[in-house]
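Quick note on labels: first sequence line is chain A, next is B, and so on, each numbered from 1. Please read all numbers here as calculations on a predicted model, not as lab measurements.
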2 protein chains.
Amino acid sequence: MEFDKDEQGLYEFIELLFFAYRDFTAGPDGELMAFGFGRAHHRVLHFVSRNPGLMVAELLDILRVSKQSLNRVLKQLIEEKFVFQEQGAGDRRRRHLFLTAKGQELADRLGAIQFEQISGSLKGFSPEAYQNICDGLLSLIADDDQKEVLGRFDEARKRNRGSDE
Amino acid sequence: MEFDKDEQGLYEFIELLFFAYRDFTAGPDGELMAFGFGRAHHRVLHFVSRNPGLMVAELLDILRVSKQSLNRVLKQLIEEKFVFQEQGAGDRRRRHLFLTAKGQELADRLGAIQFEQISGSLKGFSPEAYQNICDGLLSLIADDDQKEVLGRFDEARKRNRGSDE
DNA sequence: AAACAATGTCAACATTGTTGACGTATTATT
DNA sequence: AATAATACGTCAACAATGTTGACATTGTTT
């Protein structure tokens, strides 16, 4: 049996996604503006925080923006010492990205804001319902990208195994 | 019983929402570019299509942008005859927005692209799981806005009752 | 008449995206 | 060793979309 795909319902789904994303991303804006940063900076902080040692090329693939566009915000984050680079051990062309203590602190603060939003919104949902939501969002991601996303989830979980629990 | 709110899971949720929105909104871009339009134009076409007779002030509240920003794209859509205005019957200061035949055609084409994306992604989900996803997205919307969103859903359903079925 | 409301408009500017061209290390290939 | 390819950085110009501030128009309310 399948979900009900009447036109009304699909239009409502589109709008729900729009409004949810609108309200969800608006949360950390205040904190970011205090540093003269925007959402582009937030995205970099987030993904470097979650994937320490991330290469520029990988970040470009995640964000799907041009390297010039990324470089503009990355440069600021490096100059202002929120992010630093390390030359690759094997291949020294590669630059691995990490957060400084200052960068990690900001990333964590932004994460905490979003944690509260999500927790507040989804409290009252059963684990099964929550799992359905996650599965649904994953399915909305382009097929080719789903593996990459899940792969990074695994790596992050491996990385944080033992240190958190 | 509640959903599992460990840090890993919440970070993953944030990223799922980011990637889902990224891939979902990218779909209609090609079609839009053919007309020299962008996502801002798409949003106007979508909400006017769904809420014929919508006023400018309401559209501003939906999109959460400045009137100057909205006016720029709205002006183009009106000049190029995708949208037209009608003076309010009671209060003649108000401008009610409607799509022309050309505008409706484009809006429908963009809608069809997104319908396919969603249907393709969510086929295989049970109606219950689908309902969980919709409920979850709704909950992510700011409390004050949820009523407005649901109110417009109701109006749209009333408007289309009888004409579709 | 005066105040208020809904909309439109002009101008200046910020953020974030784009493309094109070029430079610099570093690594891989021939 | 020479050449090509890779990973990254950078300069410049430009486009889309957001912002604020100021002001005009028109219509409604008091």
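To the nearest 0.5 Å, atoms CE (B:M55) and CG (B:L97) are separated by 9.5 Å. Here B:Y130 contributes atom OH and B:D135 contributes atom CG; the two are 10.5 Å apart, rounded to the nearest 0.5 Å.
Contact check of residues 33-40 of chain B against DNA chain D (heavy atom, cut-off under 4.0 Å) returns B:G38, B:R39, B:A40. Non-hydrogen atoms lying under 4.0 Å from DNA chain D are contributed by nothing in residues 19-31 of chain A. Of all the residues in residues 51-83 of chain A, A:M55, A:V56, A:A57, A:K67, A:Q68, A:N71, A:K75 reach under 4.0 Å from DNA chain D with at least one non-hydrogen atom.
Residues passing the side-chain contact (heavy atoms from CB on, under 4.5 Å) test with B:K81, sequence neighbours excluded: B:K102. With sequence neighbours excluded, the residues satisfying side chain to side chain donor-acceptor pair (under 3.5 Å) with A:E12 are B:R157. Residues meeting the side-chain contact (heavy atoms from CB on, under 4.5 Å) test with B:D23, sequence neighbours left out: A:R64, A:I141, A:A142, A:D145. Here B:R109 pairs with B:E31, B:F35, B:E105, B:L106 under the side-chain contact (heavy atoms from CB on, under 4.5 Å) rule; sequence neighbours left out. Contacts of B:E86 classified as side chain to side chain donor-acceptor pair (under 3.5 Å), with partners at least two apart in sequence or in another chain: none.
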Short heteroatom pairs, N/O only, protein and nucleotides 28-30 of chain C, under 3.5 Å:
none

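At least one side-chain heavy atom of A:F24 sits under 4.5 Å from a side-chain heavy atom of B:I14. Using a 4.5 Å heavy-atom threshold, the side chains of B:L16 and A:F153 count as touching. Counting heavy atoms from C-beta outward, A:E58 and A:N51 have side chains that stay 4.5 Å or more apart.
Aromatic ring centroids of B:Y11 and A:F115 lie under 6.0 Å apart.
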Anything under 3.5 Å between a donor and an acceptor, one on a side chain of residues 67-76 of chain A, the other on a protein residue two or more places apart or in another chain? List them.
residue : atom : partner : partner atom : Å
A:Q76   : OE1  : A:H41   : NE2          : 3.3

Tell me which donor-acceptor pairs under 3.5 Å the side chains of residues 42-49 of chain B have, and how far apart each pair is, sequence neighbours excluded?
residue : atom : partner : partner atom : Å
B:H46   : NE2  : A:E15   : OE2          : 2.8
B:S49   : OG   : B:Q104  : NE2          : 3.1

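Counting 5' to 3', DNA chain D first comes under 4.0 angstrom of a heavy atom of chain B and last does so at the ends given by D:dT17 to D:dT28.
Heavy-atom contacts from other residues, nucleotides or ligands closer than 6.0 Å to CD of B:E116 number 12 or fewer.
The side chain of B:Q85 places no N or O atom within less than 4.0 Å of a non-bridging phosphate oxygen (OP1 or OP2) of C:dT7.
Between A:C134 and B:F13, the shortest heavy-atom distance links the atoms SG-CD1, 3.8 Å.
No engagement by B:H96 is indicated, since no non-hydrogen atom pair under 4.0 Å with the nucleic acid exists.
With DNA chain C read from its 5' end, the first of the two nearest nucleotides for A:H41 and A:R95 is the one closest to A:H41.
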